[in-house]
Amino acid sequence: MTITYPLKRGLYVNLTNRCPCRCVFCLRQNGDGVGGSDSLWLEREPTAEEVCASIDARDMSLFDELVFCGYGEPTERLDVLLAVARHVRQKLPACRIRINTNGLSDLINGRPTAPLLEGLIDVVSVSLNTPDPDEYERICRPAFGCQSYDAMLAFAKACRQYVPDVVLTVVDSPVTTPEKQAACRAIADSIGVRLRVRPYEGAQ
Ligand code: SF4
């Protein structure tokens with residue numbers, strides 16, 4: 001079972017296959033890995049100890065960062081994510097730690113979660129996907145319904161207080177017109193975070 005996998009200059013952590021969204025563009029619909037990885041479908045969810053052991057078995061000098069991003073939404077396992085981040089922070093204080101997320105952590109966990117990231121997470125990358133809440137619901141199909149878009153933005157905004165670098169992302173695709181990208185940038189500006197237009201390559 002693939003708990004960690006290298007991708008470019010990052011070591012990626014695959015905590016879960018659960019996700020409250022069913023994005024029409026999700027890689028999981030057509031594949032079983034990312035960037036040539038082994039299958040990211042998990043036989044079962046790994047414990048924090050198993051995740052830490054998988055990271056400890058790697059030569060972290062080969063990587064620029066540790067990234068929580070696999071075949072599911074990492075904040076579905078927030079307690080494990082935080083325990084692993086704490087372990088890595090203690091062992092490798094200089095290692096950059098990033099979460100790629102759909103931004104629905106507060107709805108998933110039923111409480112404000114951005115404060116829990118303080119001192120542990122360096123970068124939170126939130127999938128914005130579109131400047132239009134209705135389109136968001138259509139393409140991401142979140143289980144939480146129409147409250148999801150605002151909750152995602154509220155989470156990103158809250159993260160600013162606790163995480164040094166907060167990013168909203170939109171996938172570069174034929175349907176992401178320059179106008180849509182500009183509107184996404186305006187949203188990012190309005191909550192004081194940066195926008196990244198990213199190539200289509202991963203589940204988040
Ligand atoms: S793209 Fe990300 S948020 Fe969307 S269904 Fe896939 S794992 Fe979930």
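Counting convention: from 1, in listed order, for ligands and their atoms alike.
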Which atoms of ligand 1 have any heavy atom of Asn102 under 4.0 Å away?
->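 Heavy-atom distances to Asn102 below 4.0 Å select 3 (S).
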Heavy-atom contacts with Cys23 under 4.0 Å: which atoms of ligand 1 show up? List them by number with element.
->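 Those of ligand 1 that fall under 4.0 Å from Cys23 are 1 (S), 3 (S), 4 (Fe), 5 (S).
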Metal proximity, Cys140 vs atom 8 (Fe) of ligand 1, N/O/S cut-off 2.8 Å |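 Here the distance criterion (N, O or S atom, under 2.8 Å) is not met by Cys140, so no.
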The one among Cys69, Cys26, Cys21, Pro74 that brings a heavy atom closest to atom 6 (Fe) of ligand 1 |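 Comparing heavy atoms across Cys69, Cys26, Cys21, Pro74, the nearest one to atom 6 (Fe) of ligand 1 lies in Cys26.
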Quick one: does Thr113's side chain get under 4.5 Å of Ile108's, heavy atoms only?
->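 The answer is no; the side chains never approach within 4.5 Å.
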Check whether any side-chain heavy atom of Leu120 sits under 4.5 Å from a side-chain heavy atom of Val163, and report yes or no.
->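 Contact flag for Leu120/Val163 side chains = no.
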Classify the side-chain pair Asn129/Ser127 by whether it contains a donor and acceptor separated by less than 3.5 Å.
->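 Distance-only check fails for Asn129 and Ser127.
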Would Lys91 and Asp56 satisfy salt bridge (charged side-chain N to carboxylate O under 4.0 Å, His left out), going step by step from the backbone distance to the final call?
-> CA-CA 9 Å; Lys91 208 173 158 203; Asp56 291 347; 3.1 Å; yes
